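The structure appears below as structure tokens.
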Amino acid sequence: MKKTLDSILAEHPFPKGLSRAHLKFLAGCARNVRFEEGSFLLREGQGADHFFLIRRGRVSIEIYAPGRGAIPVQTVEAGEVLGWSWIVPPYRSRFDARAATTVSAIALDGRCLRAKCSRDHELGYELLRRFAAVVSRRLEATRFQLLDLYGAGA
């Protein structure tokens, strides 16, 4: 039996607890995607038009430091969400995200969702609440990475 996008979405932890109608809304902005190891899902400074629900594989979230190259900040795996910049103007990615393994994900179109959230404030609140937790985790991971980089010599 072939699964629909809304049934696949319902299996992912991020949208758990959303109403069936909101899952249908999300599915209307979603598509299945695949990234080979080493390819970028997001590039720092580029337009943030999507976020990803990771189904399989691992993604390295990185920052670039002149003279040091890419510095891994966090790894995102199956069951997690990648990309929050689509919800915050000016809608530009704050990090690079590179497939550490082959990645299967659901890509959700940020423009589509912003339009739907402006019409359905309940959906907008639920997504913003969930993404606030994602942003908090990313900031915490970045903080620990900075402590590792700069704390030893202090």
Side-chain angles (χ1 to χ4, degrees), residues 3-19 22-66 68-114 116-117 123-151:
K3 290 185 176 183
T4 62
L5 266 177
D6 50 323
S7 68
I8 294 170
L9 282 167
E11 294 172 356
H12 195 278
F14 183 77
K16 281 266 191 254
L18 288 180
S19 70
H22 286 158
L23 285 173
K24 288 258 187 224
F25 263 24
L26 290 179
C29 296
R31 62 187 170 90
N32 280 307
V33 293
R34 179 183 165 97
F35 296 91
E36 296 303 322
E37 182 178 339
S39 61
F40 285 91
L41 287 74
L42 302 171
R43 294 303 305 249
E44 182 178 358
Q46 290 185 348
D49 299 326
H50 293 85
F51 71 95
F52 303 91
L53 301 180
I54 307 302
R55 297 181 62 210
R56 288 181 205 86
R58 287 190 329 275
V59 179
S60 177
I61 298 174
E62 305 167 344
I63 56 174
Y64 180 81
R68 296 187 77 140
I71 300 170
V73 175
Q74 189 175 20
T75 301
V76 178
E77 298 180 339
E80 295 183 276
V81 63
L82 172 69
W84 52 266
S85 299
W86 71 273
I87 205 165
V88 180
Y91 313 118
R92 298 252 174 248
S93 293
R94 276 34 173 222
F95 300 92
D96 286 338
R98 185 191 323 244
T101 64
T102 300
V103 172
S104 296
I106 298 172
L108 288 113
D109 184 306
R111 290 180 186 168
C112 175
L113 282 175
R114 286 193 302 268
K116 288 183 181 198
C117 288
L123 174 63
Y125 171 76
E126 277 301 317
L127 290 178
L128 188 57
R129 186 177 67 78
R130 292 160 195 252
F131 274 100
V134 171
V135 171
S136 178
R137 287 192 303 272
R138 297 292 185 271
L139 289 173
E140 181 101 354
T142 303
R143 178 178 168 263
F144 285 126
Q145 184 68 35
L146 289 171
L147 285 173
D148 283 347
L149 287 174
Y150 300 109

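Being a predicted model, the structure only gives us computed values, none of them experimental. This chain uses plain numbering: 1 for the first residue, then up along the sequence.
A distance of 12.0 Å separates SG in Cys112 from CG in Asp49, rounded to the nearest 0.5 Å. Atom NZ of Lys116 sits about 11.0 Å away from atom CG of Leu127, to the nearest 0.5 Å. Atom-to-atom distance recorded for Leu113:CG and Phe51:CZ is 5.5 Å, nearest 0.5 angstrom. The line from CG of Leu123 to CZ of Phe25 is 7.0 Å long, rounded to the nearest 0.5 Å. The distance from atom CG of Asp6 to atom CG of Leu26, rounded to the nearest 0.5 Å, is 9.5 Å. With values rounded to the nearest 0.5 angstrom, Thr102 atom OG1 is found 11.5 Å from Phe35 atom CZ.
For His50 (side chain) and Arg111 (main-chain N/O), no donor-acceptor pair under 3.5 Å exists by modelled atom type. Of the possible polar contacts, none joining the Arg55 side chain to the His12 backbone as a donor-acceptor pair under 3.5 Å is found.
By the 6.0 Å contact criterion, OH on Tyr64 is enclosed, its count of non-hydrogen atoms from other residues, nucleotides or ligands being greater than 12.
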In sequence, state the C-alpha distance, the side-chain angles, and the governing distance for Thr75 and Arg58, and then conclude on side chain to side chain donor-acceptor pair (under 3.5 Å). CA-CA 7 Å; Thr75 301; Arg58 287 190 329 275; 5.7 Å; no
Using the ring pair (Phe, Tyr, Trp, His ring centres under 6.0 Å) rule, take Phe14 and Phe52 through it: C-alpha gap first, then chi angles, then the decisive distance, then the call. CA-CA 10 Å; Phe14 183 77; Phe52 303 91; over 10 Å; no
Test log, rule salt bridge (Lys or Arg N to Asp or Glu O under 4.0 Å), inputs Glu140 and Arg137: CA-CA 5 Å; Glu140 181 101 354; Arg137 287 192 303 272; over 6 Å; no
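Here the closest non-hydrogen pair linking Thr101 and Gly57 is OG1-CA, 3.2 Å. Of all the heavy atoms in Pro89 and Arg94, the pair that sits closest is O-NH2, 3.8 Å. Across all their heavy atoms, Asp96 and Glu44 have their closest contact at OD1-N, 2.7 Å. A pairwise comparison of heavy atoms in Cys117 and Gly124 identifies SG-CA, 3.5 Å as the closest pair. Across all non-hydrogen atoms, the minimal contact from Pro15 to Leu9 is CG-O, 3.1 Å. A pairwise comparison of heavy atoms in Ser85 and Ser93 identifies OG-CA, 3.8 Å as the closest pair.
Ring pair Trp84/Phe95 is perpendicular by interplanar angle, where above 60° counts as perpendicular and below 30° as parallel.
Of the residues Ile61, Val59, Leu82, the one that meets the side chain to side chain contact (heavy atoms under 4.5 Å, CB included) test with Gln74 is Ile61.
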